[in-house]
Amino acid sequence: MRLTKKKAIELTIEMWKFLAETGKEKGNWPGWKKYKLDRHYYENACFLCQWVMNQNHIKRIYEFFDDPDCKYCPLFKRTKESCYDVHSLYQEWFKVIDIELKKNHAKKLLEFMRKMK
């Protein structure tokens, strides 16, 4: 699948909608099978990370933990924070175990993502 910015945003919104409704993890998103995608191919199972890497010819995501390349991410442009920031919306979602809290954090992220369109 050719991952354009538009397609990356669409898939991201679809995945996070599922996460916001279910409180499940990214690996449980049915879209992986539906679209015949290998989630292990996508860095961090994230279409936006993959799109940024493809645009900037970054070999591995680890190369931009402290690198300004995250600034090219459409979500970063909305939230002004990297997903790796300790108190980012993503990290809040990632570290929570309670399903209702997980849904809540996913809904917040989804709101930002819907504004990317």
Side-chain angles (χ1 to χ4, degrees):
M1 169 188 297
R2 185 165 161 1
L3 195 60
T4 63
K5 180 180 179 182
K6 181 180 179 183
K7 190 64 174 175
I9 291 171
E10 288 172 2
L11 289 170
T12 300
I13 289 171
E14 185 179 331
M15 180 171 62
W16 280 94
K17 183 177 180 216
F18 167 81
L19 299 175
E21 291 169 353
T22 65
K24 293 187 176 184
E25 300 293 329
K26 290 180 183 181
N28 300 114
W29 178 54
W32 299 116
K33 289 181 183 169
K34 175 182 171 183
Y35 298 113
K36 297 181 174 91
L37 300 172
D38 178 2
R39 72 180 173 96
H40 301 289
Y41 167 78
Y42 294 90
E43 288 290 341
N44 295 319
C46 179
F47 302 104
L48 298 175
C49 281
Q50 192 65 45
W51 178 77
V52 168
M53 288 178 32
N54 291 351
Q55 293 303 300
N56 295 299
H57 308 289
I58 299 168
K59 299 279 190 272
R60 304 205 32 92
I61 195 114
Y62 311 109
E63 293 176 27
F64 71 85
F65 278 154
D66 298 315
D67 195 302
D69 284 319
C70 286
K71 71 182 177 192
Y72 298 110
C73 173
L75 181 59
F76 178 86
K77 290 178 180 183
R78 281 263 163 223
T79 63
K80 303 298 183 219
E81 58 189 18
S82 164
C83 292
Y84 303 109
D85 293 343
V86 177
H87 299 293
S88 71
L89 286 172
Y90 177 79
Q91 286 298 322
E92 292 297 320
W93 171 83
F94 181 74
K95 62 186 174 185
V96 165
I97 296 171
D98 179 79
I99 290 179
E100 289 308 311
L101 280 175
K102 205 153 192 80
K103 287 180 185 180
N104 253 354
H105 291 305
K107 285 175 189 171
K108 289 177 190 175
L109 273 161
L110 183 57
E111 286 175 35
F112 277 103
M113 292 177 194
R114 284 184 169 147
K115 293 175 185 175
M116 291 188 292
K117 282 187 121 181

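All figures in this text were calculated on a predicted structure; none of them were measured in a lab. One-based numbering along the sequence shown.
Smallest separation of non-hydrogen atoms from S88 and S82: CB-O, 3.2 Å.
Clustering ILVMFWY residues whenever any of their side-chain heavy atoms sit less than 4.5 angstrom apart, transitively, puts L19 in the very cluster that holds Y35. Cluster annotation: I99 and L110 are assigned to distinct hydrophobic clusters (Ile/Leu/Val/Met/Phe/Trp/Tyr, side-chain heavy-atom contacts under 4.5 Å, transitive). Cluster annotation: L109 and I9 are assigned to the same hydrophobic cluster (Ile/Leu/Val/Met/Phe/Trp/Tyr, side-chain heavy-atom contacts under 4.5 Å, transitive). Under the 4.5 Å side-chain contact rule for hydrophobic residues, W51 and F76 do not share a cluster.
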### Message
Go through it in stages, so that I can follow the logic: the residues are F18 and I13, the test is side chain to side chain contact (heavy atoms under 4.5 Å, CB included), and I'd like the CA-CA distance, side-chain angles, deciding distance and then a yes or no.
### Response
CA-CA 9 Å; F18 167 81; I13 289 171; over 6 Å; no
### Task
Evaluate the criterion side chain to side chain contact (heavy atoms under 4.5 Å, CB included) for residue pair L11 and W29; output intermediate values, then yes/no.
CA-CA 11 Å; L11 289 170; W29 178 54; 4.1 Å; yes
#### Entry: Stepwise salt bridge (charged side-chain N to carboxylate O under 4.0 Å, His left out) check, E25 with K102
CA-CA 9 Å; E25 300 293 329; K102 205 153 192 80; 3.3 Å; yes
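Taking K6 as the reference, nothing meets the salt bridge (charged side-chain N to carboxylate O under 4.0 Å, His left out) condition, with sequence neighbours excluded. Legend: residues meeting ring-ring contact (aromatic ring centres under 6.0 Å, His included) with W93, ordered by chain and number and at least two apart, are W16, Y90. In this view, E21 and K17 satisfy the side chain to side chain contact (heavy atoms under 4.5 Å, CB included) rule, not counting sequence neighbours. With sequence neighbours left out, E111 forms a side chain to side chain contact (heavy atoms under 4.5 Å, CB included) with no residue at all. With sequence neighbours left out, F112 forms a side chain to side chain contact (heavy atoms under 4.5 Å, CB included) with L75, R78, T79, L89. Residues forming a salt bridge (charged side-chain N to carboxylate O under 4.0 Å, His left out) with K103 (at least two apart in sequence, or on another chain): E100.
By the 4.5 Å side-chain criterion applied to Ile, Leu, Val, Met, Phe, Trp and Tyr, L101 is assigned to a cluster that also includes V96.
Note: H105 NE2 to K95 NZ = 8.5 Å, rounded to the nearest 0.5 Å. One distance of note links CZ of F47 with CG of L37; it measures 5.5 Å at 0.5 Å rounding. Separating the SG atom in C83 from the CG atom in L48 is a distance of 8.0 Å, to the nearest 0.5 Å. To the nearest 0.5 angstrom, K5 atom NZ is 9.5 Å from C73 atom SG. Atom NZ of K80 and atom CG of D85 lie 13.0 Å apart (nearest 0.5 Å).
Pairs engaging residues 26-39 under the salt bridge (Lys or Arg N to Asp or Glu O under 4.0 Å) rule: E14-K34 [sequence neighbours left out].
The aromatic rings of W32 and Y42 lie tilted to each other, with the angle between the two planes from 30° to 60°.
Contact of the V52 side chain with the C70 side chain is not registered, since no non-hydrogen atoms from C-beta on lie closer than 4.5 Å. Between L3 and Q50 the shortest side-chain heavy-atom distance falls below 4.5 Å.
In this structure, the side chain of Q91 does not engage the main chain of Y84 through any donor-acceptor pair within 3.5 Å.
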